[in-house]
Protein chains: 2
Amino acid sequence: MTDSLAVQLRARHSLLMTTELEAVALELFAARGFDAVTVEEIASKARVSVRTFYRYFTAKEAVLQVQLDRRCEALRVALAARPDDEAPLRSMRIALEAVVSADDPDLLRRWITVISATPHLVQSVLGGIQLKTQPLMAAFLAERLKTEPDSFEPIVLAAAVGGVIQAAQTRWFLQGGDIVALINEGLEVLERGIGTAPPSSA
Amino acid sequence: MTDSLAVQLRARHSLLMTTELEAVALELFAARGFDAVTVEEIASKARVSVRTFYRYFTAKEAVLQVQLDRRCEALRVALAARPDDEAPLRSMRIALEAVVSADDPDLLRRWITVISATPHLVQSVLGGIQLKTQPLMAAFLAERLKTEPDSFEPIVLAAAVGGVIQAAQTRWFLQGGDIVALINEGLEVLERGIGTAPPSSA
DNA sequence: ACTGATTATGGCATGTCCTGCCATCATTGA
DNA sequence: TCAATGATGGCAGGACATGCCATAATCAGT
């Protein structure tokens, strides 16, 4: 198994290449818009061939998924690190805080800028967030709430929390402010429940 | 203004063409998968040129958005039809019920089948649902809850409800059952709120 | 029914995305 | 040094999407 070292090196190299391509691409996207940048430009600026670009990214759009994947992984780790006996929603709040504040705000803002300038990216990234984060949160909630396997409740809660995060993120991007505070505010709304809101009727 | 008639006719024709192309495309997609069907096939089977196809749909993917648009419009109408003094969440539940049960279940199932067989479609449709339905619901909630303009609460609630719908829809597709019941169950979880869930701590 | 205007359609050319294939080069391990 | 494994580059080709213009259909006014 001496080759485990070679494997490590390869993985490292692959990661570096991905990061480099991502950086180059994001810079170009931010400057001139996603659609106006060709894969050839990205590859050329990163000193690789177009063919090689496609060996590290399945598509041009995939460049924008890397950031998403990083955050998901960070969330997974942050959730796993919370003590078992903590209130689940509190764990989520703390984990989210950690993930959000760990990110370089400038990078994040540029990332969002690029995406929000391109409608079809907004759509696919939004969907991607849902697809990746919600199973994560649902699994966590299912474990900590000790629900029976395949229960509907953690899934629903995860989806609701996911909605809150998205709403907070959107509002933060549009109006600025403190993203952590926005998330907390949103979660509080959720905690209160909706049942009490209506002005009349039951 | 005699041309308003002509305009109507044109709109009608456009709608028919869209519907026809959608039907043809969905049939092909369902049979062989989204990626394996070319636009040329769709156009040819519908007796139009490829160029004409792109006059009715901005992209091949857009074929799958019309169903979504229909449901959104139906939801908007159904929401607007609810009496002003009804509890907002009750209104939403009833409106959702109406929209869901108004749809042809077979068509809907085929639509979902096509989408769920193609990962990148799942992503973009999921995002599209969020982008289109949530502002709708948020506007409704803001109006009925009489919150101040630009308030965060209706947005958060709409996002949460959106999450519930998505969770119910997914579960319905995976495991079958009664979709209306699933939505109700999910909304009940939301109504109860999350604050009470944790087993210990505060 | 004829004519001019508006609109829909078709075909062509083009640019981009993405993939399969194979040749070439570099790195590793013996 | 040499063989094997993996990374890279280049090329061909199919599909998507759009701009452009010529043609056909449709409609309004006479």
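All chains are named by letter (A, B, ...) in the order of the sequence lines, taking the proteins before the strands, and each is independently numbered beginning at 1. Computed from heavy atoms alone, side chains included, the values below leave out hydrogens, waters and symmetry copies. Note that this is a predicted model, so its numbers are computed, not measured.
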Quick note, Lys60(A) side chain, CB onward, closest among dG9(D), dC18(C), dC16(D) is dC18(C)
Does Tyr56(B) make a side-chain N or O approach to OP1 or OP2 of dT9(C) shorter than 4.0 Å? yes
Whole angstrom value for the distance that separates C1' of dA15(D) from CZ of Phe29(B): 13 Å
May I have the distance from Ile42(A) (atom CD1) to dT16(C) (atom C1'), rounded to whole angstrom? 12 Å
Using a strict threshold of under 4.0 Å (side-chain N to carboxylate O), is an ion pair present between Asp104(A) and Arg109(A)? no
Salt-bridged, Glu86(A) to Arg93(A), with N to O below 4.0 Å? no
Starting at atom CD of Glu61(B), determine the distance to atom P of dC17(C), rounded to an integer number of angstrom. 16 Å
For Val50(B), answer base if it contacts any base atom (sugar-phosphate contacts may also be present), sugar-phosphate if it contacts only those atoms, and nothing otherwise; contact means non-hydrogen atoms under 4.0 Å. nothing
Do any N or O atoms from the side chain of Trp111(A) and from the backbone of Gln67(A) form a donor-acceptor pair under 3.5 angstrom? no
Each nucleotide in nucleotides 20-26 of chain C should get exactly one letter: B, S or -. Can you fill that in based on protein heavy atoms under 4.0 Å? BB-----
Is it true that Glu27(B) and Lys45(B) have a side-chain N and a carboxylate O under 4.0 angstrom from each other? yes
Whole-Å distance, Leu121(A) CG to dC17(C) C1', equals 14 Å
Length of the line joining His120(B):NE2 and dC17(C):P, which is rounded to integer Å: 16 Å
Starting at CD of Glu40(B) and ending at C1' of dG13(D), how long is that distance when rounded to a whole Å? 15 Å
Is a salt bridge present between Glu185(B) and Arg171(B), judged by a nitrogen-to-oxygen distance below 4.0 Å? no
Return no unless some side-chain N or O of His13(B) is found under 4.0 Å from OP1 or OP2 of dC27(D). no
Distance (rounded to the nearest 0.5 Å) between Gln123(A) CD and Thr118(A) OG1: 12.5 Å
Any salt bridge linking Glu73(A) with Arg76(A)? Criterion: basic side-chain nitrogen under 4.0 Å from a carboxylate oxygen. yes
To the nearest angstrom, the CZ-P distance between Phe53(B) and dA17(D) comes to 8 Å
Distance check: side-chain N/O of Thr52(B) vs OP1/OP2 of dT9(C), anything under 4.0 Å? no
Using a cut-off of strictly less than 4.0 Å, decide whether Tyr54(A) has a side-chain nitrogen or oxygen near OP1 or OP2 of dC18(C). yes
If I take atom CE in residue Met17(A) and atom C1' in nucleotide dG6(D), what distance separates them, rounded to the nearest angstrom? 13 Å
